[in-house]
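Computed from a predicted model, the values in this text were never measured in an experiment. Chain letters run A, B, ... following the sequence lines, proteins first and then strands; every chain starts at 1.
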Amino acid sequence: MGRLMNDHESDLIAQARDILKKKFGYDQFRSGQQQVIQEVLSGHDVFAMMPTGSGKSICYEVPGYLLEGIVLIISPLLSLMEDQVNQLREIGEKNVRALNGLMHPEERSRVLAHLRDIRFLFISPEMLRQHSVLTALSRVKLSLFVVDEAHCVSQWGHDFRPDYLYLAEIRSHLGNPACLAVTATADERVREDIVRSLDLRAVNYVLMSVDRRNIALAVHKVKSSEEKIEELCKLLSKVQLPGIVYCAGRDWTEKIADIIRQKLGLRTAFYHGGMEAVDRRKIQNQFLDGQLDLLCCTNAFGMGINKPDIRLVVHFHFPATMNAYLQEIGRASRDGKQGLAILYYAEQDEHYPLGFIDANFPDDTLLRQVLRELDQGLLKLEKKETFLTSLQDRGASETAARFIFENVRFVTRGMNYSSIFEECRKKITERRSVQLNELSMMKRYLNSTTCRRAFYLSVYNESQSEKLDLCCDQCGLSLEAFERACPQTSDVHPEQTLDWHQRLATIFRESERDI
DNA sequence: CGCGACCGCCCTATGGCGGTCGCGGTGCCATAGT
């Protein structure tokens, strides 16, 4: 950073620029890319925080052509992997493969048998822990160990997807290739957590601003869900679309999609983790293709989505952390045009995140019971699936069941069960307090009486450079002002919009009658 | 934590009320059994 390049380094960069032109057709690196690539080519561990859409993938793709060996990319979602593989195929790269559980076992073996022909290999953290995979990979040279969407390490590794916490061990087993961790959102605590979990050494940080100056922000405090729906309808008839509505629960995504479709006639769909993979793919594609005006979804939607013209991100319920919030609103207006992020907040909404935090961990009674049964040999860790099912039968969530499994399995023989209990308790208390702290930061944002942007920037140790015209509700932004600055274009269902004004009038007449 | 679904109670009606209980969001992979 700021230091002068030596001859060797400038030579590498010249080569990198050559690849960028030849393979990807770009003349210049975008902000951040060159710095990351330079550090990667010099063999350093790099932590990069770059906004989505800034060309994160170039940062490992270009080095892939200059370094000897395989670029291994750890990717959190199978659908994302699929997209990433296709993108590389589109530029004519044949030596790119994914390795995951959806593949036929035979095909998987074939990939492992011909690793030397591969330049880019996409893989899930779970697959990476398989013996056969690890053995095969340890026999070849890896040029780079990329952790894509690296916030998952911190967000999911400690409970939801524990395999994320084994990446450091795996990397060391694979001869410690240089590591590139990339994400769009990680505050300082999350960054430290990622660096520690991945065991990054002498790490170079490339941190770009998280400020999305073209997204106006607002928090709208209400009393009830009914009021939210009313406000949402009003909003949707005034501002530009397409948009996303984030809800805390699956049921709400379906309910809101229904209401919007009926009341406003907008092309609306819902999306959540309870749906079949094919349906999810279908809805995602429809949204990307511009066949939908609005998508109501849980936090299942969004990772790896790069649709440039999303104009609106609504939070019908607030997310559990500021990182998640930034991640979600950051999906708006990637094309640089003006966008809007509006959050509806009712105090009772807090029960969602509180409930989620609770469901992540076993309660004391279950924990004690399970440990006693393990001690007496009534339960066995050797049969993982049986163990997990047994815990879930007693009311533990899948995550809580796995929490016990992961934390008990490596306990040394000499340890007695009451001290294991205390160890687990300690860990639960720690993790819970981390999550409660993040929630309380989120609540501070919601209740903030100063500039929203200044607040979230301060969470990332940044400060605001200059005042924006369309900043946030605390800086005087009103829906009317926003509407004036960004009038709804009439190409989105004008007849239904008119229809809605008539219906709104009818609703008001009806409610007057009720009073 | 707090919601909504469900149950049982009231004691002669098909409803309303209060208590209890379970659930809630994110996704990999395996393996057993057809």
Which nucleotide, [options], lies nearest any side-chain atom of [X]?
X	options	result
A:Arg161	B:dC1, B:dC28, B:dT26	B:dC28
A:His272	B:dG24, B:dC28, B:dT26	B:dT26
A:Leu354	B:dC1, B:dT26, B:dG24	B:dC1
A:Thr298	B:dC28, B:dC1, B:dG25	B:dG25
A:Gln130	B:dG2, B:dC29, B:dC28	B:dC29

Side-chain N or O of [X] versus OP1/OP2 of [N]: is the shortest distance under 4.0 Å?
X	N	value
A:Arg108	B:dA30	yes
A:Ser124	B:dC29	yes
A:Arg394	B:dG22	no
A:Arg250	B:dT26	yes

Look at all strands and tell whether [X] reaches a base, only sugar-phosphate, or nothing, counting heavy atoms closer than 4.0 Å.
X	answer
A:Asn360	base
A:Ala248	sugar-phosphate
A:Arg280	sugar-phosphate
A:Gly355	base
A:Met303	nothing
A:Thr399	base
A:Ile357	nothing

State whether the side chain of A:Glu107 and the backbone N or O of A:Met103 hold a donor-acceptor pair below 3.5 Å, judged by distance alone. no

Do the side chain of A:Ser154 and the main chain of A:His151 share a donor and acceptor less than 3.5 angstrom apart? no

Assess the residue pair A:Glu423 and A:Lys427 against the criterion (salt bridge (Lys or Arg N to Asp or Glu O under 4.0 Å)); give the C-alpha distance rounded to whole Å, side-chain angles, the decisive distance to 0.1 Å, and a yes or no. CA-CA 6 Å; A:Glu423 279 297 303; A:Lys427 208 157 182 178; over 6 Å; no

Nearest whole angstrom, please: distance from the [atom2] of [N] to the [atom1] of [X].
X	N	atom1	atom2	value
A:Glu406	B:dC29	CD	P	15 Å
A:Asp358	B:dC3	CG	P	16 Å
A:Met442	B:dG25	CE	C1'	16 Å

Report the relative orientation of the aromatic rings in A:Tyr205 and A:Phe47; use parallel for angles under 30°, tilted for 30 to 60°, perpendicular for over 60°. tilted

When the [atom1] atoms of [M] and [N] are compared, how many Å lie between them, rounded to an integer?
N	M	atom1	result
B:dG16	B:dT12	C1'	16 Å
B:dC9	B:dT14	C1'	14 Å
B:dC11	B:dC7	P	22 Å
B:dA5	B:dG25	P	14 Å

Ring centroids of A:Trp156 and B:dT26 base under 5.5 Å with planes under 30°: no

Stacking of A:Tyr352 on B:dG24 base (centres under 5.5 Å, planes under 30°): no

Check: A:Asp279/A:Tyr271 side-chain N/O donor and acceptor closer than 3.5 Å: no

Are side-chain N/O atoms of A:Gln84 and A:Ser75 paired as donor and acceptor at under 3.5 Å? yes

With both distances under 3.5 Å as the test, what is the Watson-Crick or G-U wobble partner of [N]?
N	result
B:dA13	none
B:dC23	B:dG2
B:dC29	none
B:dG18	B:dC7

A:Lys255/A:Asp258 ion pair, N-O < 4.0 Å: no

5' priority, DNA chain B, between A:Glu398 and A:Gly395 [closest heavy atom]: A:Gly395

